[in-house]
Amino acid sequence: MHKNIFIPSILSVSLFGLSSLAIAEPQHEFSQHQAHVHGMVTVNMVQDGNDFLIEVESPGQDILGFEHAPISQAEKQAYQQAVDLLKQPNQLFTLAAAANCQPVDFLVKDNIGQDEHDHDHHDHDHDHDHDHDHDHDHDHDHDQKHGTFTMQYQYQCKNISQLSKIETQWFSHFPASQTIEVNLLTDSAQKHIELKQPQQTITW
Ligand SMILES: [Zn+2]
């Protein structure tokens, strides 16, 4: 195993937290991962015994078409629909049937929708009071920072040795994405796979 060489740091954090996926990481750790390229989604896939973990990091732009906190009714609706979809791993990934994998846990988080809870006064003028110098340990800036979705999907597989193919429907749901960078690490394979719209098959 060469995990330390291969796995991006965010995934290492995830693996250590595998038994408690539902617990959000501290905000300051999450905010380190805000930089991203619009159109590019990163997917980390890791086998851990009979478990298979898929972690997706996507620009909010790809998913929503915007990255600020939803303001208009249309934006709020788009945000809610996206979150509802992202909570359905079977809508996003199809694992090889022979592996007999079932999703057992998931986590969807972002630094976009939370502003809605923090700023529920309908007082948009208050944005101007946010001095960025006093704001750097929060993610409340509306204009300058990127908004990122991070999803984790955990599967348990009865025949994980048969898992050598995954189809993703990501491009169908989110056509603004152009590229999916897949980092794969299993007991038998270590691969970097790049999918370009409209490719959807990951094999190893
Ligand atoms: Zn962005």
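Being a predicted model, the structure only gives us computed values, none of them experimental.
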* Asked: Under the side chain to side chain contact (heavy atoms under 4.5 Å, CB included) criterion, do L86 and I63 qualify, and how do the steps go?
  -> CA-CA 10 Å; L86 294 169; I63 292 174; 4.0 Å; yes
Specify the closest pair of heavy atoms between [X] and [Y], including all atoms of both residues, with the distance to one decimal.
{"X": "C157", "Y": "A99", "answer": "CB-O, 3.7 Å"}
{"X": "Q162", "Y": "A96", "answer": "O-CB, 4.1 Å"}
{"X": "P175", "Y": "Q197", "answer": "O-NE2, 3.0 Å"}
{"X": "D62", "Y": "S177", "answer": "OD2-OG, 2.7 Å"}

[X] side, atom [atom1]; [Y] side, atom [atom2] - distance, nearest 0.5 Å:
{"X": "N50", "Y": "N100", "atom1": "CG", "atom2": "CG", "result": "11.0 Å"}
{"X": "Q156", "Y": "D105", "atom1": "CD", "atom2": "CG", "result": "9.5 Å"}
{"X": "M151", "Y": "S58", "atom1": "CE", "atom2": "OG", "result": "5.5 Å"}
{"X": "H36", "Y": "H146", "atom1": "NE2", "atom2": "NE2", "result": "4.5 Å"}
{"X": "I166", "Y": "Y155", "atom1": "CD1", "atom2": "OH", "result": "7.5 Å"}
{"X": "S172", "Y": "Q200", "atom1": "OG", "atom2": "CD", "result": "6.0 Å"}

* To do: Applying side chain to side chain contact (heavy atoms under 4.5 Å, CB included), run through T186 and L184 and close with a yes or a no.
  => CA-CA 7 Å; T186 73; L184 174 82; 4.0 Å; yes
Just wondering, do [Y] and [X] contact through their side chains at under 4.5 Å, heavy atoms?
{"X": "T179", "Y": "F171", "result": "no"}
{"X": "N90", "Y": "P103", "result": "yes"}
{"X": "V56", "Y": "V41", "result": "yes"}
{"X": "P89", "Y": "L92", "result": "no"}
{"X": "V182", "Y": "M45", "result": "yes"}

* With respect to I202, which candidate in L195, V43, I180 satisfies the side-chain contact (heavy atoms from CB on, under 4.5 Å) definition? -> L195
Side chain [X], main chain [Y], donor-acceptor under 3.5 Å:
{"X": "N44", "Y": "E55", "value": "no"}
{"X": "T168", "Y": "W170", "value": "yes"}
{"X": "Q199", "Y": "K196", "value": "yes"}
{"X": "W204", "Y": "L163", "value": "yes"}
{"X": "E57", "Y": "T148", "value": "no"}

With no hydrogens and no angle check, just 3.5 Å: does a side-chain donor-acceptor pair link [X] and [Y]?
{"X": "E167", "Y": "T201", "result": "yes"}
{"X": "H68", "Y": "E75", "result": "yes"}
{"X": "D51", "Y": "Q47", "result": "no"}
{"X": "E181", "Y": "H192", "result": "yes"}
{"X": "H38", "Y": "E67", "result": "yes"}
{"X": "Y79", "Y": "D110", "result": "yes"}

* To do: Under the side-chain hydrogen bond (donor to acceptor under 3.5 Å, both in side chains) rule, collect the residues that match up with Q81, sequence neighbours excluded.
  => none
* Decide side chain to side chain contact (heavy atoms under 4.5 Å, CB included) for N111 and F149; before the verdict, give the C-alpha distance in whole Å, the side-chain angles of both, and the deciding distance to 0.1 Å. => CA-CA 7 Å; N111 57 351; F149 281 87; over 6 Å; no
* To do: Determine whether L85 and V108 fall in the same hydrophobic cluster, where Ile, Leu, Val, Met, Phe, Trp and Tyr are linked whenever their side-chain heavy atoms lie under 4.5 Å apart.
  => yes
* To do: List, by chain and number, the other hydrophobic cluster members for M40, where Ile, Leu, Val, Met, Phe, Trp and Tyr join if side-chain heavy atoms come within less than 4.5 Å, directly or indirectly.
  => V37
* **CA sep, side-chain torsions, deciding dist, call: Q169, Q91, side chain to side chain contact (heavy atoms under 4.5 Å, CB included)** => CA-CA 7 Å; Q169 293 77 46; Q91 293 284 326; 6.0 Å; no
